[in-house]
Amino acid sequence: MSDYPPIRKAVFPVAGLGTRFLPATKSIPKEMLPIVDKPLIQYAVEEAVEAGVDTIIFVTNEKKRAILEHFDLDEDLESHLLEQGKPELHQRITDIIPAGVSWHYVIQEQALGLGHAVWCARDLVGEEPFAVLLADDLIRSPKDGCLKQMVDEYLATGAGSMAVEKVPAAMTDRYGIVSVKKDATGRDYIQAIVEKPAPDVAPSNLGVVGRYILPGEIFALLESVRAGAGGEIQLTDAIAAQLKSRPLLAHAFEGVRHDCGSRQGFIQATVDYALEHEELRQELLAYIETVKGR
Ligand code: UTP
């Protein structure tokens, strides 16, 4: 038993413009792009449910409703698959949201950044600590999923956290970068966070990736950051302010992360997940042999 309240709610910001994937993302969110046969968002929702989350909150935009349709019931398709004698396919779509898990959404009217997207979920989250998952960071872990690892650490310490990994020194300007200090138990507590620093001024090479456990107080900080920044809300600024009153951990997760917001990362994820798939692995390996050296 833990002394701390469980993490039951997870926010999934999916309202970004996804410009790096245009034209594919002109009418569908990049989080609906599939890796093998599941959209990115579904991997992230499964990771959250595995970690104990039972309330899913999507922050989406008015134009991109595909995510809501994906998670909605489709009774016609369900009965069609049953009539066709395809129970495995039927189960694949009914398993999208497991029993006991509810989902909700809120509209981000304008893509004013990640902090703004999280802030849009404030009424649905309330005051309790909650998770944020960015589905375009796809993490394949050998055992427990990344969020489960973070929730276990939170239940042991009561501290929120951000997932981090070492990034190449030349690429610090693509990430939030944290500096950390170990406590007596060997856990890394965040000392400072800087958004996209140039390599020569970066405090470390520990880059933040898209998994967070945050206290409910972050909404008030997002609000004050917004007031200071003329409408824009940066999550990193609110987290930097949060560090003054509450410690946050840097969680170096076990697993492999693919940046599926970039084309290269997306393609690598596809190969990685296909190689893990027993029906696809052998043929893919044979195909790779034929194209080597092309
Ligand atoms: P990104 O920084 O990857 O931005 O967002 P983007 O707009 O989705 O993609 P590019 O850079 O134009 O290709 C990180 C996460 O935050 C969400 C995105 O959907 C993604 O999950 N986001 C970003 C929002 O929900 N709203 C925003 O205003 C910005």
Side-chain angles (χ1 to χ4, degrees), residues 9-35 38-48 56-68 70-71 103-122 124-125 130-139 146-147 162-165 167 171-177 193-197 207-212 214 218-219 222-223 225-226 229-239 257-267 269:
K9 297 182 179 173
V11 174
F12 297 79
V14 292
L17 300 177
T19 53
R20 284 169 290 169
F21 267 99
L22 283 170
T25 46
K26 183 162 173 273
S27 66
I28 57 163
K30 72 176 163 192
E31 292 82 0
M32 278 304 290
L33 299 177
I35 299 294
K38 269 195 273 185
L40 285 167
I41 187 67
Q42 196 178 326
Y43 287 96
V45 166
E46 286 173 2
E47 185 184 322
I56 304 289
I57 300 165
F58 299 117
V59 181
T60 185
N61 74 37
E62 198 59 76
K63 283 204 272 177
K64 296 183 179 174
R65 309 202 58 107
I67 288 186
L68 308 182
H70 180 71
F71 287 94
W103 65 270
H104 313 264
Y105 72 95
V106 60
I107 301 287
Q108 184 187 26
E109 306 274 347
Q110 272 181 292
L112 290 177
L114 175 58
H116 182 261
V118 172
W119 178 77
C120 288
R122 65 199 178 284
L124 290 172
V125 173
F130 65 104
V132 177
L133 293 93
L134 306 186
D136 53 355
D137 272 335
L138 178 61
I139 302 177
C146 179
L147 190 68
M162 279 175 272
V164 297
E165 71 175 3
V167 299
M171 284 165 59
T172 55
D173 56 359
R174 298 191 197 171
Y175 292 87
I177 299 288
I193 179 166
V194 197
E195 185 63 16
K196 301 190 171 87
V208 176
V209 309
R211 301 289 183 277
Y212 307 77
L214 298 171
I218 200 80
F219 294 115
L222 284 165
E223 181 80 48
V225 170
R226 180 171 92 138
E232 286 262 326
I233 306 186
Q234 304 295 341
L235 185 59
T236 302
D237 292 346
I239 287 172
R257 177 191 71 110
H258 296 289
D259 173 11
C260 293
S262 77
R263 289 174 297 184
Q264 190 65 35
F266 182 84
I267 290 163

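Each ligand, and each atom within it, is numbered from 1 in the order the structure gives. This is a predicted model, so every value here is computed, not measured.
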Do I107 and T60 come close enough that some side-chain heavy atom pair is under 4.5 Å? yes
Could you check whether atom 26 (N) of ligand 1 has a protein contact, counting only heavy atoms that fall below 4.0 angstrom? yes
Under 4.0 Å from a heavy atom of A111: give me the atoms of ligand 1 that qualify, with their elements. 28 (O)
Would you check if the side chain of R174 reaches a backbone N or O of G207 as a donor-acceptor pair within less than 3.5 Å? no
What is the minimum heavy-atom distance between C146 and E47, and which atoms define it? CB-OE2, 3.4 Å
Under 4.0 Å, counting heavy atoms only: does A135 come that close to any atom of ligand 1? no
Heavy-atom nearest neighbour in the protein, as seen from atom 16 (O) of ligand 1, with distance rounded to 0.1 Å: L114 CD1, 3.6 Å
For atom 24 (C) of ligand 1, what is the closest protein heavy atom, and at what distance to 0.1 Å? G16 N, 3.3 Å
Under 3.5 Å, N or O to N or O, is F21 touching ligand 1 that way? no
Say whether A117, considering both its backbone and side-chain N or O atoms, lies within less than 3.5 Å of an N or O atom on ligand 1. no
Nearest heavy-atom pair of C260 and I35: which atoms, and what distance? SG-CD1, 4.2 Å
Please report whether ligand 1 has a polar contact with V59, defined as an N or O pair separated by less than 3.5 Å (distance criterion only). no
Side chain or backbone, does E31 bring an N or O within less than 3.5 Å of an N or O on ligand 1? yes
Heteroatom distance test (L134, ligand 1): nitrogen or oxygen, under 3.5 angstrom: no
Distance from atom 17 (C) of ligand 1 to nearest protein heavy atom, with residue and atom: P13 O, 3.7 Å
If I compare all heavy atoms of T25 with all of L22, which pair ends up nearest, and what's the gap? OG1-N, 3.4 Å
In this structure, CG of L133 is separated from OH of Y212 (nearest 0.5 Å) by 10.5 Å
Atom 7 (O) of ligand 1 sits nearest the protein heavy atom L17 N, 2.9 Å
Tightest non-hydrogen contact, residues V118 and P13, listed as CG2-CG, 4.3 Å
For atom 28 (O) of ligand 1, what is the nearest protein heavy atom, given as residue, atom name and distance? G113 N, 2.8 Å
Pair L222-L235, side chain to side chain contact (heavy atoms under 4.5 Å, CB included): steps then yes or no: CA-CA 7 Å; L222 284 165; L235 185 59; 4.2 Å; yes
Measure the distance from atom 2 (O) of ligand 1 to every protein heavy atom, then report the residue, atom name and distance (to 0.1 Å) of the closest one. R20 NH2, 4.7 Å
Keeping the roles fixed (side chain from Y105, backbone from I67), state whether a donor-acceptor pair exists under 3.5 Å. no
Please determine whether any non-hydrogen atom of Q108 lies less than 4.0 Å from an atom of ligand 1. yes
Within 45° cone of F130 ring axis and under 6.0 Å: K9 NZ or CZ: no
What atoms of ligand 1 come within less than 4.0 Å of a heavy atom belonging to L112? 28 (O)
Sole residue of V59, L40, N61, I41 in side chain to side chain contact (heavy atoms under 4.5 Å, CB included) with V14: I41
of all protein heavy atoms, closest to atom 12 (O) of ligand 1 is T19 OG1, 2.5 Å
Protein residue, atom and distance nearest to atom 3 (O) of ligand 1, heavy-atom basis: K30 NZ, 2.8 Å
Please confirm whether G18 comes under 4.0 Å of ligand 1, counting heavy atoms of the residue only. yes
Do H116 and Q110 come within less than 4.5 Å of each other through their side chains, counting heavy atoms only? no
